[in-house]
Engineer: 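Let me give you the structure first, and then I'll get to my questions.
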Amino acid sequence: MDLGMLLILGAIVAYLLLMLGVGIYYSKKNSTVDDFYLGGRKLGPLVTAMSAEASDMSSWLLMGLPGVAYLSGICDASWTAIGLAVGTYINWLVVAKRIRVYSHRLGAITVPEFLSKRYHDDKNLLSCIAAVVIVVFFVPYTASGFAACGKLFTSLLGLDYLPTMIVCALVIVVYTAMGGFLAASVTDLIQSIVMTIALVVVLCFGVQQAGGLDAVLANAQAMPGYLAMTATHDAAANAASPYGAITIFSTLAWGLGYFGMPHILLRFMAIEDENKLKVSRRIATMWVVISMAVAVFIGVVGNGMTKVGAVAALEGSASETIIVRIATLLSQFGPLPALIAGVILAGILAATMSTADSQLLAASSSVSQNLVQDFFGVKLSSKGSLTVARSTLVVISVIAVFIARDPNSSVFGIVSFAWAGFGSTFGPVVLAALFWKRSNRSGVLAGMVAGGVTVFVWKYLVRPMGGIWNIYELLPAFLVNVAVLVAVSLLTAQPTEQIEQEFADVQAAVKQ
């Protein structure tokens with residue numbers, strides 16, 4: 001191993017130790033389950049904004065998005081990014097303050113618990129179904145993050161995929177299990193900074209190595225459909241493939257997913273002062289728009305670098321390692337560039353870890369709090385609750401590691417399906433809980449089940465038929481959830497007077 005690789009490895013190890021240090025520090029601040037899962041609702045506006053977006057973007061930002069742009073051009077990646085940017089802004093604008101006020105009044109510390117208390121579900125059936133959904137979709141989502149870590153070290157150092165993936169997973173599990181929500185949120189803030197540095201450095205260095213901005217654009221323009229917003233580039237045929245209105249519309253539907261993301265909604269619930277959410281919204285939206293635009297263009301730059309021979313050509317899921325290849329090239333220019341390359345690669349770890357820690361917390365809270373205690377009625381002391389929470393987190397991590405054992409899995413593909421699952425299952429339900437007084441327990445329960453089932457049916461039975469049916473499963477499943485929720489709510493008894501009064505009180509508080 002040469003000096004450059006040693007310096008890169010040193011930077012990455014230092015970063016991992018820093019994350020562990022944060023976990024150890026905040027482990028002393030978790031005295032209750034509320035502290036562990038929601039940080040005692042003490043997050044400031046900056047931490048709220050950046051931890052929410054860092055936990056949202058995941059390795060998809062630094063691996064999946066550039067990889068898609070590298071292979072097929074800007075169309076698919078850009079429409080996805082546009083949908084996400086719009087969804088981010090609207091989610092902060094209309095959901096954040098309401099769910100913070102509502103969950104605080106009800107004393108809810110998880111999304112499933114919020115739904116049960118919102119509709120006075122004494123049997124906690126809503127909490128149970130929501131918890132199961134979270135586990136079903138978050139475990140593979142977390143696995144995609146672990147897989148991204150393994151791919152990083154395999155591509156960079158030629159190390160065996162499985163052992164390095166497991167080591168990274170252990171670091172994430174340790175600092176999350178020790179420090180809980182506060183550790184996850186503070187590390188997410190740090191990770192968002194590292195991710196930003198990685199994006200900027202890679203972009204500037206990549207453009208220089210590709211021969212300048214003009215050369216990058218000339219290469220992209222020479223490939224049919226590569227810079228089009230209504231076509232994608234087919235490298236095998238060197239031709240443009242149509243990207244029709246239906247596909248654009250379904251790709252924009254990625255933005256609908258935000259309304260149902262438990263790990264993002266938890267950030268809204270945890271802010272100390274809901275009146276500071278406007279500041280958080282502005283910070284979050286600006287960061288998301290800029291970072292995704294840069295990530296897409298890095299894919300274009302990477303293709304230009306391939307054209308001039310700076311990096312080897314990449315095919316299939318290997319395209320997701322384009323930033324790794326650029327960082328490796330940077331490390332060959334001396335000790336300082338090697339250290340910077342280490343920071344870039346730590347950025348990929350940051351993107352992965354910032355999402356995985358939040359997902360682990362959401363999934364473990366669903367099992368330990370919503371299933372074990374709320375649904376099955378197991379009574380635990382405060383200390384016992386923390387022990388169960390941490391144990392559940394470890395078990396879920398082991399399952400995720402097992403799923404991630406295949407190094408050929410696509411980060412983008414796994415994230416896409418999990419995103420659709422959450423968006424279509426929780427999105428309409430959360431919006432109805434916050435904005436529709438007439439919605440009731442039966443409607444929400446039916447809609448949630450219908451949306452979740454439709455995701456699987458559309459993904460594996462309908463979408464493979466192609467043509468007009470080739471629509472991202474989030475959109476049809478979201479619409480089915482809405483239709484079922486509204487129909488069942490109107491056909492069954494309206495909420496009690498107490499529930500309606502709680503709703504009215506929250507609406508009044510939000511307007512203040």
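Below, all heavy atoms of this structure are taken into account, side chains as well, without hydrogens, waters or symmetry copies.
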Engineer: For a quick test of reading the model, state the closest non-hydrogen atom pair linking Thr230 to Cys75 and the distance between them.
Structural biologist: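 Nearest heavy atoms, Thr230 then Cys75: N-SG, 4.0 Å.
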Engineer: Run Thr247 and Trp79 through side-chain hydrogen bond (donor to acceptor under 3.5 Å, both in side chains) and show every step you take.
Structural biologist: CA-CA 10 Å; Thr247 307; Trp79 284 118; over 6 Å; no
Engineer: Can you see which heavy atom on Arg463 is nearest to which on Asn470, and at what distance?
Structural biologist: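 Heavy-atom minimum between the residues: NE-OD1, 2.9 Å.
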Engineer: Just wondering, do Met448 and Leu126 contact through their side chains at under 4.5 Å, heavy atoms?
Structural biologist: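 Yes, at least one pair of side-chain atoms sits under 4.5 Å.
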Engineer: Which is it for Leu265 and Phe114 under the side chain to side chain contact (heavy atoms under 4.5 Å, CB included) test, yes or no, and what are the steps along the way?
Structural biologist: CA-CA 11 Å; Leu265 297 174; Phe114 165 69; over 6 Å; no
Engineer: Centroid-to-centroid, Phe456 to Phe417, below 6.0 Å?
Structural biologist: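 Yes, ring centres under 6.0 Å apart.
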Engineer: Side chain to side chain contact (heavy atoms under 4.5 Å, CB included) between Thr492 and Arg441: does it pass, once the steps are laid out?
Structural biologist: CA-CA 9 Å; Thr492 52; Arg441 173 183 177 275; over 6 Å; no
Engineer: Any chance you could measure Leu256, atom CG, to Ser250, atom OG, to the nearest 0.5 Å?
Structural biologist: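 Answer rounded to 0.5 Å: 11.0 Å.
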Engineer: Find out whether Phe422 and Ile134 are in side-chain contact, i.e. whether some heavy atom of one side chain is under 4.5 Å from a heavy atom of the other.
Structural biologist: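 Touching, per the 4.5 Å side-chain cut-off.
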Engineer: Say you draw a straight line from CD1 of Ile99 to CG of Leu277; how long is it, rounded to the nearest 0.5 Å?
Structural biologist: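 If we round to the nearest 0.5 Å, Ile99:CD1 and Leu277:CG are 11.5 Å apart.
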Engineer: Looking at every heavy atom in both Gln494 and Arg438, which two are closest together, and how far apart are they?
Structural biologist: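 So the minimum-distance heavy-atom pair works out to CA-NH1, 3.3 Å.
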Engineer: So, for Ala432 and Ser439, which heavy atoms are closest and what is the spacing to 0.1 Å?
Structural biologist: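 That would be O-OG, 3.4 Å.
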Engineer: What closest approach, in Å, do Ala433 and Leu115 show between heavy atoms, and which atom pair accounts for it?
Structural biologist: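 Shortest heavy-atom separation between Ala433 and Leu115 comes out as CB-CD2, 4.3 Å.
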Engineer: Is a donor from one side chain sitting under 3.5 angstrom from an acceptor on the other, for Tyr258 and Thr88?
Structural biologist: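 Thr88 and Tyr258 do have a side-chain donor-acceptor pair below 3.5 Å.
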Engineer: Would you call Tyr119 and Leu445 a side-chain contact if the rule is heavy atoms closer than 4.5 Å?
Structural biologist: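 No, every pair of side-chain atoms sits at 4.5 Å or beyond.
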Engineer: Is the Phe268 to Trp92 ring centre distance short of 6.0 Å?
Structural biologist: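 Ring centres of Trp92 and Phe268 closer than 6.0 Å.
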Engineer: Using the side chain to side chain contact (heavy atoms under 4.5 Å, CB included) rule, take Val95 and Leu431 through it: C-alpha gap first, then chi angles, then the decisive distance, then the call.
Structural biologist: CA-CA 8 Å; Val95 171; Leu431 292 175; 3.9 Å; yes
Engineer: Quick one: pull up CZ in Arg98 and CG in Leu93 and give me the separation to the nearest 0.5 Å.
Structural biologist: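 CG of Leu93 is found 9.0 Å from CZ of Arg98.
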Engineer: Is any side-chain heavy atom of Val289 less than 4.5 Å from a side-chain heavy atom of Tyr89?
Structural biologist: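 They are not in contact (no side-chain heavy atoms under 4.5 Å apart), so the answer is no.
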Engineer: Going from CG on Leu203 to CD1 on Ile323, what distance comes out if it is rounded to the nearest 0.5 angstrom?
Structural biologist: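 Going from CG on Leu203 over to CD1 on Ile323, the span is 9.5 Å.
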Engineer: Looking at every non-hydrogen atom in both residues, tell me the closest pair between Asn440 and Ala493 and how far apart they are.
Structural biologist: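 Result for this residue pair: ND2-O, 2.8 Å.
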Engineer: Considering residues, nucleotides and ligands other than Phe435, do more than 12 of their heavy atoms fall under 6.0 Å from its CZ?
Structural biologist: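 Yes, enclosed.
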Engineer: Please say which of Val68, Ile248, Leu65 ends up in a side-chain contact (heavy atoms from CB on, under 4.5 Å) with Asp76.
Structural biologist: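 Single side-chain contact (heavy atoms from CB on, under 4.5 Å) partner of Asp76 among Val68, Ile248, Leu65: Val68.
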Engineer: For a side-chain contact (heavy atoms from CB on, under 4.5 Å) with Ser291, tell me which candidate from Leu199, Val200, Thr196 qualifies.
Structural biologist: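 Output: one option passes, namely Leu199.
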Engineer: Please answer whether the main-chain N or O of Phe503 pairs with a side-chain N or O of Lys437 as donor and acceptor at a distance below 3.5 Å.
Structural biologist: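 Answer holds: no.
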Engineer: For the pair Trp436 and Leu485, evaluate side chain to side chain contact (heavy atoms under 4.5 Å, CB included) and give the outcome as yes or no after the intermediate values.
Structural biologist: CA-CA 11 Å; Trp436 192 28; Leu485 190 159; 3.8 Å; yes
Engineer: Evaluate the side-chain proximity of Asn124 to Ser116: yes if any heavy-atom separation is below 4.5 Å, no if none is.
Structural biologist: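 Heavy-atom side-chain distance check passes, below 4.5 Å.
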Engineer: Return the CE to CZ distance between Met286 and Arg282, rounded to the nearest 0.5 Å.
Structural biologist: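 Going from the CE atom of Met286 to the CZ atom of Arg282 covers 10.5 Å.
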Engineer: Quick one: do Glu502 and Arg105 make a salt bridge, cutoff under 4.0 Å?
Structural biologist: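 Here Glu502 does not pair with Arg105 in a salt bridge, since their nearest N and O are not under 4.0 Å apart.
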Engineer: Measure the shortest side-chain to side-chain distance between Ser78 and Met229 over non-hydrogen atoms and say whether it is less than 4.5 angstrom.
Structural biologist: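 Yes; the side chains approach each other to less than 4.5 Å.
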Engineer: A side-chain contact here means heavy atoms from C-beta on lying under 4.5 Å apart; do Tyr472 and Trp458 qualify?
Structural biologist: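 In short, these two side chains do not touch, never coming nearer than 4.5 Å.
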Engineer: So, the side chain of Ser72 versus the backbone of Ala69: is there a donor-acceptor pair under 3.5 Å, distance only?
Structural biologist: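 Checking the backbone N and O of Ala69 against the side chain of Ser72, no donor-acceptor pair under 3.5 Å is found.
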Engineer: Between CG of Leu475 and OG1 of Thr251, what distance do you get to the nearest 0.5 Å?
Structural biologist: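 If I round to the nearest 0.5 Å, the distance is 10.0 Å.
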Engineer: Find out whether Ile499 and Arg118 are in side-chain contact, i.e. whether some heavy atom of one side chain is under 4.5 Å from a heavy atom of the other.
Structural biologist: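 When only atoms from C-beta onward are counted, Arg118 and Ile499 do touch, with a gap below 4.5 Å.
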